[in-house]
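Written below as C-alpha cells is the structure these notes are about.
All figures in this text were calculated on a predicted structure; none of them were measured in a lab.
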Amino acid sequence: MPGRRHVILRVLGLGARLMRQQLAEKEAALDACNKELQNLQSAKPADKAATGATGFEDVGEGVSASRIGNEVHVNIEGDVLFDSGKTSLKESAKKSLAKIADVIKKQYAAKPIRVAGFTDTDPIKHSQFKTNYHLGFERAFAVREYLVSKGLAGKEISLSSFGPDVPMKTKEKSRRVEVIVVN
C-alpha cells in the first residue's frame, strides 16, 4: 500500500515541521525574556522606581530612605548631623549630605525638594532657641544650605519644622532631618 505509507510519511513530516516551528517560537520567546531580564538588571537607577530602590541605599550610616506615595523620604539621624542642641553640621555629616546631593542631581534633577527638621519632645531649657520648632527649622535650614552649596537649586528646596510633633520610638530617632523628593 504505497498510498497509505505516503500519507503516513507526509503526516510525520508535517508533525516534525510543526514541532520545529513551535520550538523556534519558544526559543524566540525565551530570547525575548532573556533580553527583558538583561534590561532590568542593567536599568538606570531612575528606572528602578518600580522595585522600591531610591538611589540613597548606600549613602552612609544613620541615613535611610523609603518611598511614601510619590515621594522619596531620606531620613538622616540628627545625631549624625548635629551635636546636641546645635545647628552647625558635623564634618562627618557633610560626606553623607554630599552623596545625597549627588543622587538628587543624577536621579531627581529639577524635582521639588522639602527639607523638614524634627526634634525630640524634651523642652528647650538652656539654648539660644525659644522652642524645638525653632531648633528644627534651623537644622533644616543648615541642611538646605549645604545641599545648595553642593549644586542643588535653592528655589527647588522648601523648608519646614515639625519640632517635637512627630516623635519616633526613641529620642535619638526623633531628632532627625528628612530630605523629601517629590516625584
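- Shown here for Lys150 and Ala98, the closest heavy-atom pair between the two residues is CE-CB, 4.3 Å.
- Here the side chains of Ile76 and Ile100 are in contact, with some heavy-atom distance below 4.5 Å.
- For residues 153-183, the ring pair (Phe, Tyr, Trp, His ring centres under 6.0 Å) pairs, not counting sequence neighbours, are Phe118-Phe162.
- Interatomic distance, OG1 of Thr121 versus CG of Asp165, reported as 10.5 Å (0.5 Å rounding).
- Considering every non-hydrogen atom in both Lys99 and Val59, the closest pair reads CD-O, 3.2 Å.
- In this structure, Lys86 NZ and Ser127 OG are separated by 7.5 Å, a value rounded to the nearest 0.5 Å.
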Steps toward side-chain contact (heavy atoms from CB on, under 4.5 Å) verdict (Asn183, Arg67): CA-CA 10 Å; Asn183 278 320; Arg67 290 187 180 279; 3.6 Å; yes
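- Rounded to the nearest 0.5 Å, atoms CG (Leu152) and CD1 (Ile157) are 5.0 Å apart.
- Not a single donor-acceptor pair under 3.5 Å links the side chain of Lys171 to the backbone N or O of Asp122.
- Dense packing is recorded around NZ of Lys105, with more than 12 heavy atoms of other residues, nucleotides or ligands lying under 6.0 Å away.
- The environment of Asn70 atom CG is dense: over 12 non-hydrogen atoms of other residues, nucleotides or ligands sit within 6.0 angstrom.
- Judged as a ring pair (Phe, Tyr, Trp, His ring centres under 6.0 Å), the pairs with a partner in residues 55-81 (not counting sequence neighbours) are, in order, Phe56-Tyr108.
- The other members of the hydrophobic cluster of Leu135, by chain and number, are Ile124, Phe129 (side-chain heavy atoms under 4.5 Å, ILVMFWY only).
- A 6.0 Å sphere centred on NZ of Lys95 holds no more than 12 heavy atoms belonging to other residues, nucleotides or ligands.
- Val182 approaches Glu71 most closely through the heavy-atom pair CG2-OE2, 4.0 Å.
- Residues in residues 75-102 take part in no ring pair (Phe, Tyr, Trp, His ring centres under 6.0 Å) pair, two or more places apart or across chains.
- Salt bridge absent: Arg175 and Glu77 never bring a charged side-chain N and a carboxylate O closer than 4.0 Å.
- In this structure a side-chain-to-backbone donor-acceptor pair under 3.5 Å is present from Arg176 to Ser174.
- The heavy-atom pair separating Ala101 from Leu147 by the smallest distance is CB-CD2, 4.0 Å.
- A donor-acceptor pair under 3.5 Å is formed between the side chain of Ser161 and the backbone N or O of Phe137.
- To the nearest 0.5 Å, the span separating OH on Tyr146 from OG on Ser88 amounts to 13.5 Å.
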Worked verdict on Met168 versus Asn75 for side-chain contact (heavy atoms from CB on, under 4.5 Å): CA-CA 12 Å; Met168 304 287 269; Asn75 185 343; 4.2 Å; yes
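- Val143 places a side-chain heavy atom less than 4.5 Å from the side chain of Leu97.
- The hydrophobic clustering, which links ILVMFWY residues whose side-chain heavy atoms are closer than 4.5 Å, places Ile180 and Val148 apart.
- Separation of atoms OG (Ser92) and CG (Leu81) is listed at 8.5 Å; rounding is to 0.5 Å.
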Intermediate values then yes/no, side-chain contact (heavy atoms from CB on, under 4.5 Å), Val74 and Val103: CA-CA 11 Å; Val74 182; Val103 171; over 6 Å; no
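- Note on Glu178 versus Arg114: no salt bridge recorded, every NZ/NE/NH1/NH2 to OD/OE distance being 4.0 Å or above.
- The hydrophobic cluster analysis finds Tyr133 isolated: no Ile, Leu, Val, Met, Phe, Trp or Tyr side chain comes under 4.5 Å of it, directly or through other members.
- The side-chain contact (heavy atoms from CB on, under 4.5 Å) test applied to Glu57 returns Ala53, Thr54, not counting sequence neighbours.
- Counting all heavy atoms, side chain and backbone alike, Ala140 lies closest to Ala116 at CB-C, 4.1 Å.
- Here the closest non-hydrogen pair linking Thr87 and Glu138 is CG2-CB, 3.5 Å.
- Rounded to the nearest 0.5 angstrom, Glu145 CD and Leu159 CG are separated by 8.0 Å.
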